[in-house]
S.K.: 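Quick one: the structure is below, questions incoming.
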Amino acid sequence: MSTIAHNLQAVTQAIVAATAEAQRSPGSTRLLAVSKTFGADAVLEAVAAGQHAFGENYLQEGVDKIRAVREALPAQQLEWHFIGPIQSNKTRPIAEHFDWVHTVEREKIAVRLSEQRPDGLAPLNICLQVNISGEASKSGVAPGEVLALARKVATLPKLQLRGLMAIPEPTDEESGQRAAFRRMRELFDSLRAEGLELDTLSMGMSADMRAAILEGATIVRVGSAIFGARSYNKG
Ligand SMILES: *Cc1c(COP(=O)(O)O)cnc(C)c1O
């Protein structure tokens, strides 16, 4: 078995175990394999091992990879998620090539993505990024502003608002990890109570996915635990 296949199996087992421990239904946490900085060959290896959803942070790299993978596997249905910062003049390729965007934090970006989503494609699935730890340097909308943004995004015709995403301040302590994820869960529940039809909480990465699943993550975004350490980081 290849290293990537082996790692995918281990991560999948950890997801199954944490989902069961949380007494959540089997299959309620999906794995997004974050392939940023790794080549199309690594994605093809993961596809061969049964993985179908991939996350990319850097637009040009992501679009090139999507094209290369499609050329290698023209009949394969895959799901591509954009999870990096979005510049407002770079929304068109995101709207044209991706199925999901996890990092919407401004109405202006959402409006552009909706306007630029090609007619033949299904609506673009959207998560709003929340600055849940209140870090000055972090992207994301403040928790108190999420409801207003969600209401606006929910009206845009070519978008499907699915939920919330966060990257909490890193901490080694599981209790601290869980506290931030719990605040996300509460925010998510409060939006649903307001009538927004959300089904996605995108939270948890290689180092904190267990805590995220215990607090209700429905998508964990896992890179290094699958593909190995990144040799460079453009972020
Ligand atoms: C890189 C990245 C991940 C994956 O991080 P790992 O620690 O490698 O699992 C998840 N989400 C976002 C937004 C990222 O940029």
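First listed ligand is number 1; within each ligand, the first listed atom is number 1.
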S.K.: Between K158 and L124, is any pair of side-chain heavy atoms under 4.5 Å apart?
M.R.: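 Sidechains of L124 and K158: no contact.
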S.K.: Among S206, A229, S202, whose heavy atom sits nearest atom 9 (O) of ligand 1?
M.R.: S206
S.K.: Please check whether A225 reaches ligand 1 - meaning an N/O of the residue sits under 3.5 Å from an N/O of the ligand, judged on distance alone.
M.R.: no
S.K.: Quick test: of every protein heavy atom, which one is nearest to atom 7 (O) of ligand 1, and how far off is it to 0.1 Å?
M.R.: S224 OG, 3.7 Å
S.K.: Are E56 and K36 ion-paired here, with the side-chain N under 4.0 Å from a carboxylate O?
M.R.: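 Answer for the salt bridge query: no.
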S.K.: For residues V222 and S206, determine if any side-chain heavy atom of one lies less than 4.5 Å from a side-chain heavy atom of the other.
M.R.: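 When only atoms from C-beta onward are counted, S206 and V222 do touch, with a gap below 4.5 Å.
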S.K.: For ligand 1, is there an atom lying under 4.0 Å from some heavy atom of H102?
M.R.: no
S.K.: Taking atom types as modelled and ignoring hydrogens, do the side chains of T19 and T29 form a donor-acceptor contact shorter than 3.5 angstrom?
M.R.: yes
S.K.: Give the atoms of ligand 1, by number and element, whose distance to some non-hydrogen atom of V222 is under 4.0 Å.
M.R.: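 The list of qualifying atoms is 9 (O).
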S.K.: Of K36, E56, M203, which has the heavy atom at the shortest distance from atom 2 (C) of ligand 1?
M.R.: K36
S.K.: Examine the proximity of ligand 1 to I83 and report which part, side chain or backbone, both or neither, has a heavy atom under 4.0 Å away.
M.R.: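 Both backbone and side chain of I83 come within 4.0 Å of ligand 1.
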S.K.: Do side-chain atoms of E45 reach the backbone of F227 as a donor and acceptor pair under 3.5 angstrom?
M.R.: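 Judged by distance alone, no pair lies under 3.5 Å.
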S.K.: Could you check whether E135 and N131, counting side-chain N and O atoms only, form a donor-acceptor pair closer than 3.5 Å?
M.R.: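 The criterion, which ignores hydrogens and geometry beyond distance, is not satisfied for E135 and N131.
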S.K.: With a heavy-atom distance limit of 4.0 Å, tell me whether T103 approaches ligand 1 through its side chain, its backbone, both, or neither.
M.R.: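 Neither part.
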S.K.: Judged by atom type as modelled, is there a donor-acceptor pair below 3.5 Å linking the side chain of R112 to the main-chain atoms of S88?
M.R.: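 Confirmed, R112 side chain pairs with S88 backbone.
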S.K.: Can a non-hydrogen atom of M165 be found less than 4.0 Å from any atom of ligand 1?
M.R.: yes
S.K.: Using a strict cut-off of 4.0 Å, indicate which atoms of ligand 1 neighbour a heavy atom of G223.
M.R.: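 Selected atoms, number and element: 4 (C), 6 (P), 8 (O), 9 (O).
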S.K.: Regarding S139 and Q129, is there a side-chain donor-to-acceptor distance under 3.5 Å anywhere?
M.R.: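 Q129 and S139 do not have a side-chain donor-acceptor pair below 3.5 Å.
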S.K.: Give me the residue, atom name and distance of the protein heavy atom closest to atom 10 (C) of ligand 1.
M.R.: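 Sorting protein heavy atoms by distance from atom 10 (C) of ligand 1 puts M205 SD, 3.2 Å first.
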S.K.: Of all the non-hydrogen atoms in the protein, which one sits nearest to atom 11 (N) of ligand 1, and at what distance?
M.R.: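 Nearest protein contact, heavy atoms only, for atom 11 (N) of ligand 1 is R221 NE, 2.9 Å.
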S.K.: Under 4.0 Å from a heavy atom of N57: which atoms of ligand 1 are those, numbered in the order shown and with their elements?
M.R.: 14 (C), 15 (O)
S.K.: Please identify which atoms of ligand 1 are closer than 4.0 Å to at least one heavy atom of I167.
M.R.: 13 (C)
S.K.: Is it the case that the side chains of S202 and R221 hold a donor-acceptor pair, with the cut-off being a distance below 3.5 Å and no angle test?
M.R.: yes
